[in-house]
A.B. asks: 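Encoded as structure tokens, here's the structure I'll be asking about.
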Amino acid sequence: MTFARVLCLAWILGAASPIALAAEGDAQAQGNADAERPYKVVNGHVDRATFRGYLYYGDLCLRCHGPDGAGSSYAPSLVNSLKKLDKRQFEETVINGRKNVTTASENVMPAFGTNIDAVQHLEEIYAYLKARSDGVIGRGRPKRIGETDE
Ligand code: HEC
């Protein structure tokens, strides 16, 4: 591709829909601001929502993704995944599921869109995994804010 064609392409892409792009940018920024720290953690102790996320993770996701979101031989570490995926991508994957057809073995992420527990507690599960991913809570059962350290 010549330099001129690259420039031309850049112009077309840039001019494609500046209004739509700007609107998307705004929504993104707002979403990210909310999603950035969806948990509250004080000295390693978590708020109730994040604690519920831990419990529902254990119920719904642990059998494939391993204890504490650390991953297994079957499914990826969600602690790592949330360093790359934003909240919307996370939710989309959980709701719709995903099938990896490129590998010899079939790794299936089930769709949780009809699982009422998953849908209702998705934000909390996200909060728990995000706190794990950000390194503000360790492995194992997190303590709740107000709970003693003993
Ligand atoms: C039956 C096993 C299984 C269960 C249960 C399961 N997953 Fe998965 N999940 C997978 C597999 C396998 C993949 C990888 C799919 C692929 O390679 O495309 C995956 C992928 C994902 C991804 C995308 C990771 C990335 O890096 O792109 C997210 C996010 C995810 N799972 C979240 C969850 C959450 C949250 C739950 C619980 C509500 C859950 N999963 C329950 C098997 C499972």
Side-chain angles (χ1 to χ4, degrees), residues 6 9-10 13-14 16-150:
V6 171
L9 191 62
L13 289 174
S17 176
I19 293 168
L21 285 175
E24 199 179 308
D26 281 354
Q28 194 70 28
Q30 207 173 26
N32 284 346
D34 285 349
E36 219 168 273
R37 283 182 165 271
Y39 48 79
K40 184 174 176 196
V41 177
V42 181
N43 300 326
H45 291 217
V46 301
D47 62 315
R48 292 161 64 100
T50 306
F51 188 77
R52 273 198 298 274
Y54 160 76
L55 294 180
Y56 279 99
Y57 174 84
D59 242 25
L60 302 169
C61 323
L62 181 149
R63 67 190 162 100
C64 289
H65 287 280
D68 317 312
S72 73
S73 55
Y74 183 72
S77 156
L78 297 179
V79 172
N80 289 338
S81 291
L82 289 199
K83 296 190 199 312
K84 308 169 304 212
L85 301 181
D86 63 21
K87 187 179 183 214
R88 199 185 52 79
Q89 291 168 319
F90 170 84
E91 289 178 346
E92 211 171 83
T93 307
V94 181
I95 296 297
N96 298 322
R98 205 167 78 194
K99 197 170 184 174
N100 190 346
V101 288
T102 57
T103 52
S105 58
E106 228 183 46
N107 291 352
V108 179
M109 166 64 197
F112 281 89
T114 56
N115 182 315
I116 212 119
D117 279 343
V119 173
Q120 273 182 350
H121 299 282
L122 201 52
E123 299 245 336
E124 295 163 354
I125 295 172
Y126 177 76
Y128 164 67
L129 290 171
K130 189 72 177 155
R132 286 281 299 126
S133 182
D134 288 353
V136 296
I137 54 172
R139 298 195 62 155
R141 174 189 174 283
K143 287 206 158 65
R144 275 165 288 184
I145 292 167
E147 202 174 342
T148 61
D149 266 318
E150 303 316 306

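Along the sequence shown, the residues carry numbers beginning at 1. What's counted below: heavy atoms across the whole structure, side chains too, no hydrogens, waters or symmetry copies.
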A.B. asks: Rounded to the nearest 0.5 Å, how far apart are CD of Gln89 and NZ of Lys84?
C.D. replies: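 One finds 10.0 Å between CD of Gln89 and NZ of Lys84.
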A.B. asks: Check whether any side-chain heavy atom of Ser77 sits under 4.5 Å from a side-chain heavy atom of His65, and report yes or no.
C.D. replies: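 Of all side-chain heavy-atom pairs linking His65 with Ser77, none is under 4.5 Å.
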A.B. asks: Is any side-chain heavy atom of Leu129 closer than 4.5 Å to one of Tyr39?
C.D. replies: no
A.B. asks: Testing the basics here: between Val108 and Pro110, what is the closest heavy-atom pair and its distance to 0.1 Å?
C.D. replies: O-CD, 3.5 Å
A.B. asks: How long is the span from the SG atom in Cys61 to the CZ atom in Phe112, to the nearest 0.5 Å?
C.D. replies: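 It comes to 5.5 Å.
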A.B. asks: Kindly compute the distance separating CE (Met109) from CG (Asn96), expressed to the nearest 0.5 Å.
C.D. replies: 9.5 Å
A.B. asks: Do the rings of His121 and Tyr56 sit parallel, tilted or perpendicular, given the 30° and 60° boundaries?
C.D. replies: parallel
A.B. asks: What's the shortest heavy-atom distance between Val79 and Ser133, and which atoms?
C.D. replies: O-OG, 2.7 Å
A.B. asks: How would you list, by chain and number, every residue that makes a salt bridge (charged side-chain N to carboxylate O under 4.0 Å, His left out) with Arg63, sequence neighbours excluded?
C.D. replies: none
A.B. asks: Under the 3.5 angstrom rule, does the side chain of Lys99 hit a backbone N or O of Glu106 as a donor-acceptor pair?
C.D. replies: no
A.B. asks: Might you confirm whether atom CZ of Arg48 has over 12 heavy atoms from other residues, nucleotides or ligands at distances under 6.0 Å?
C.D. replies: no
A.B. asks: Would a 4.5 Å heavy-atom cut-off, applied to side chains only, mark Asn107 and Tyr74 as touching?
C.D. replies: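 When only atoms from C-beta onward are counted, Tyr74 and Asn107 do touch, with a gap below 4.5 Å.
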A.B. asks: What distance do Lys143 atom NZ and Asn43 atom CG have between them, rounded to the nearest 0.5 Å?
C.D. replies: 12.5 Å
A.B. asks: Would you call Asp47 and Lys40 a salt bridge, taking side-chain N to carboxylate O under 4.0 Å as the test?
C.D. replies: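 Looking at Asp47 and Lys40, the cut-off is not met.
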A.B. asks: Answer yes or no: is there a donor N or O on one side and an acceptor on the other, between the side chain of Asp68 and the main chain of Ala70, under 3.5 Å?
C.D. replies: no
A.B. asks: More than 12 heavy atoms of other residues, nucleotides or ligands under 6.0 Å from CD of Glu91: is that the case?
C.D. replies: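 Yes, because the 6.0 Å sphere around CD of Glu91 holds more than 12 heavy atoms from other groups.
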A.B. asks: How long is the gap from NZ on Lys83 to NZ on Lys130, to the nearest 0.5 Å?
C.D. replies: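 Those atoms lie 8.5 Å apart.
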A.B. asks: Within the distance-only criterion (no hydrogens, no angle test), does the side chain of Arg139 pair as donor or acceptor with the backbone N or O of Pro67 below 3.5 angstrom?
C.D. replies: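 Judged by distance alone, yes, a pair lies under 3.5 Å.
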A.B. asks: Taking all atoms of both residues into account, what is the closest heavy-atom pair of Gly140 and Tyr54, and its distance?
C.D. replies: O-CE1, 3.8 Å
A.B. asks: Does any non-hydrogen side-chain atom of Leu78 lie less than 4.5 Å from one of Tyr57?
C.D. replies: yes
A.B. asks: Please confirm whether the backbone N or O of Arg144 pairs with a side-chain atom of His45, one donor and one acceptor, at under 3.5 Å?
C.D. replies: yes
A.B. asks: Which heavy atom of Pro76 sits nearest to which heavy atom of Ser81, and what is that distance?
C.D. replies: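 In this case the closest contact between Pro76 and Ser81 is CB-OG, 4.4 Å.
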A.B. asks: Quick check: does any side chain N or O of Ser72 sit under 3.5 Å from a backbone N or O of Gly66, one acting as donor and the other as acceptor?
C.D. replies: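 No, the answer is negative, given that no donor and acceptor are paired below the 3.5 Å cut-off.
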A.B. asks: What distance separates Asp117 CG from Glu124 CD, expressed to the nearest 0.5 Å?
C.D. replies: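 One gets 10.5 Å once the value is rounded to the nearest 0.5 Å.
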A.B. asks: Within a strict 4.5 Å, meaning less than it, do heavy atoms of the Tyr128 and Arg52 side chains meet?
C.D. replies: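 SC-SC contact between Tyr128 and Arg52 ruled out.
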